[in-house]
Amino acid sequence: MLKKTLAASALAVGFAALVATPAAAERPYDNIFTTEVTEHYVSAFDPAAYGSRSGDSMIISPFGTSQPIWCFSFHGQSSCWQTDPSGVDHTLGSVQIPTGSSSGSFRTIAIYNPF
């Protein structure tokens, strides 16, 4: 009887660990409200940022656009981050600057937060 109880307990613990693993490994971009937006950004150090890609958002980051940029948006609330080469996500601060005299248009500059 003791062997059956221990075997059942071990099986239950193993099953719980197996089921809990995906939830523990879930990344913030593993939901339907998050998209990769790297193609919509241009490095502030790229000359195209001030010419042919002047309509894209700029990013000031040690990685430029070589690492993926992700944004989450839900009910008007949004946040963006960039994943560094070691897999750590870093938030991107956002600043909007006016791009015309009185047209009301703005350009977004994303600033990499190393912490």
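Counting from 1, the numbers follow the sequence of the chain as shown.
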Quick check: is [Y] connected to [X] through a chain of hydrophobic side chains (ILVMFWY, heavy atoms under 4.5 Å apart)?
X: V42; Y: Y50; answer: yes
X: L92; Y: F63; answer: yes
X: I60; Y: M58; answer: yes
X: W70; Y: I32; answer: yes

Does any N or O in the side chain of [X] come within less than 3.5 Å of the main-chain N or O of [Y], such that one atom is a donor and the other an acceptor?
X: H90; Y: N113; result: yes
X: T99; Y: S105; result: yes
X: R107; Y: S57; result: no
X: S43; Y: F45; result: yes
X: D46; Y: A49; result: no
X: Q82; Y: G64; result: yes
X: T38; Y: T65; result: no

- Query: Run the side chain to side chain contact (heavy atoms under 4.5 Å, CB included) check on V95 and F106 step by step: do they pass?
  - Reply: CA-CA 10 Å; V95 177; F106 294 90; over 6 Å; no
To the nearest 0.5 Å, what is the distance between [atom1] ([X]) and [atom2] ([Y])?
X: I59; Y: I111; atom1: CD1; atom2: CD1; result: 10.0 Å
X: H40; Y: T108; atom1: NE2; atom2: OG1; result: 12.5 Å
X: Y41; Y: I109; atom1: OH; atom2: CD1; result: 11.5 Å
X: T35; Y: F72; atom1: OG1; atom2: CZ; result: 10.5 Å

- Kindly indicate, with the supporting measurements, whether the criterion side chain to side chain contact (heavy atoms under 4.5 Å, CB included) is fulfilled by W81 and I69. CA-CA 6 Å; W81 61 92; I69 301 168; over 6 Å; no
- Evaluate the side-chain proximity of F33 to S73: yes if any heavy-atom separation is below 4.5 Å, no if none is. no
